[in-house]
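In what follows, a structure is listed as structure tokens, so that the remarks can point back to it.
Lettering follows sequence order; numbering is per chain, from 1.
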Protein chains: 2
Amino acid sequence: MTALQFDSFQAIADPSRREILLMLAGDKKSINAIAEQFDISRPAISKHIKVLHQAGFITFEEKGRERYCILRQEGFDELKEWINFFDDFWKERLSKLEQLLEKNPDIAKKKNK
Amino acid sequence: MTALQFDSFQAIADPSRREILLMLAGDKKSINAIAEQFDISRPAISKHIKVLHQAGFITFEEKGRERYCILRQEGFDELKEWINFFDDFWKERLSKLEQLLEKNPDIAKKKNK
DNA sequence: CATTTGTGTAACTTCAAAGTTACATATATG
DNA sequence: CATATATGTAACTTTGAAGTTACACAAATG
């Protein structure tokens, strides 16, 4: 893989990684516990975990030889802001339309050319 | 490319495609008008547009030989729901903590072991 | 009608993501 | 201490995403 750098958008592009995040919303889990739920090999999961960590979605809690993965709220911030931008865009567009209709109520009446 | 299928998560994983979406938030734009803003070739942009369309982020408005790209609100729904799921998760977690603190106000006091 | 313009796509190349197996290492356990 | 367990990682393979160039074609324009 040689993951140079993963931003949050790339990190969640992979279905397995999204699946892992969902699992961790239930509870923190060890790498092996996560790997058990998948058909792919344990090292493959290990790499996915690494990507999620680099992208800021999870932190670790070492417990002896086990490493527990824990969801990290801040990892979702970039995505949330991105979505919010477009959300605001739609809202603004709607309010502009409403203003327009308020001033020109006749626009609402369908005109055939 | 031979894009088999692109879900919305994969669609926004590419920086150029996110850039295109931002551009379209300003106004609808023809394929060429979009391509002009990028260093990559026009066919490359054409493919990105195709992906964004397949993923539901944009629609087209044909105008003679020009094809205008228009942002489509529904394209963002899947992402929004995904983010909302985790948002709710954090909120619920916070409210549970608050409930706990309300019943056991002494937990808040730092205890050294 | 000939030419220019806007776009789509096929064929190809390159590169990195995602998976694998094999091995290393640290901790836990009998 | 020997073994089992949990994990990381190097080396390698395969696949598909992203880019390119070349070409096709329909619509606009002189």
For this session: Look at the side chain of A/Lys47 against the base of C/dT20 and say whether a donor-acceptor pair falls under 3.5 Å; ignore hydrogens and angles.
Result: yes
For this session: Compare side-chain N and O positions of A/Ser46 against OP1 and OP2 of D/dT7 and report whether any pair is under 4.0 Å apart.
Result: no
Exercise. Which residue, A/Pro43 or A/Glu66, contacts DNA chain D at a nucleotide closer to its 5' end, judged by nearest heavy atom?
Worked result: A/Glu66
Exercise. What is the distance from CD of A/Gln54 to C1' of D/dG8, rounded to the nearest Å?
Worked result: 13 Å
Exercise. Does a side-chain N or O from B/Ser41 land closer than 4.0 Å to OP1 or OP2 of D/dG19, or not?
Worked result: no
Problem set entry | Under 4.0 angstrom between B/His48 side-chain N/O and D/dA17 OP1 or OP2 | no
Exercise. According to a strict under-4.0 Å criterion, is A/Asn32 in side-chain N/O contact with OP1 or OP2 of D/dT7?
Worked result: yes
For this session: Could you state the atom-to-atom distance from CD1 of B/Ile20 to C1' of D/dA18 in whole Å?
Result: 12 Å
Exercise. Using the benzene-type ring in the case of Trp, are the ring centres of B/Trp82 and B/Phe86 under 6.0 Å apart?
Worked result: yes
Exercise. CZ of B/Arg18 versus P of D/dA17: gap in Å, rounded?
Worked result: 17 Å
For this session: State whether the number of non-hydrogen atoms from other residues, nucleotides or ligands found under 6.0 Å of A/Glu102 atom CD is greater than 12.
Result: no
Exercise. Rounded to the Å, how far apart are B/Ile40 CD1 and C/dT14 P?
Worked result: 19 Å
Exercise. B/Leu94 pairs by side-chain contact (heavy atoms from CB on, under 4.5 Å) with which of B/Lys91, B/Lys96, B/Glu98?
Worked result: B/Glu98
For this session: Mind calculating the distance between CD1 (B/Ile45) and P (D/dA17) to the nearest angstrom?
Result: 17 Å
For this session: State whether the side chain of B/Arg42 and the backbone N or O of B/Ala35 hold a donor-acceptor pair below 3.5 Å, judged by distance alone.
Result: no
Exercise. According to a strict under-4.0 Å criterion, is A/Arg67 in side-chain N/O contact with OP1 or OP2 of D/dG8?
Worked result: yes
Exercise. CG of A/Asp39 versus P of C/dG19: gap in Å, rounded?
Worked result: 11 Å
Problem set entry | Donor-acceptor contact below 3.5 Å, side chain A/Arg17 vs main chain A/His48 | no
Exercise. Would one find a side-chain N or O of A/Lys63 under 4.0 angstrom from OP1 or OP2 of C/dT27?
Worked result: no
For this session: Map B/Gly64 and A/Tyr68 onto DNA chain D by nearest heavy atom, then report which one ends up closer to the 5' terminus.
Result: A/Tyr68
Exercise. Between C/dT7, D/dA6, D/dT9, which nucleotide gets closest to the side-chain atoms of A/Lys50?
Worked result: D/dT9
Seminar exercise, completed: From CG of A/Leu52 across to P of D/dG8 the rounded distance in Å is 13 Å
Exercise. Between C/dA28 atom C1' and A/Glu62 atom CD, what is the distance in whole Å?
Worked result: 15 Å
Problem set entry | Side chain B/Arg65 and base D/dA27 donor-acceptor under 3.5 Å | yes
For this session: Report yes if a donor N or O on one partner sits less than 3.5 Å from an acceptor N or O on the other, where the partners are the side chain of B/Arg42 and the base of C/dG8; otherwise report no.
Result: yes
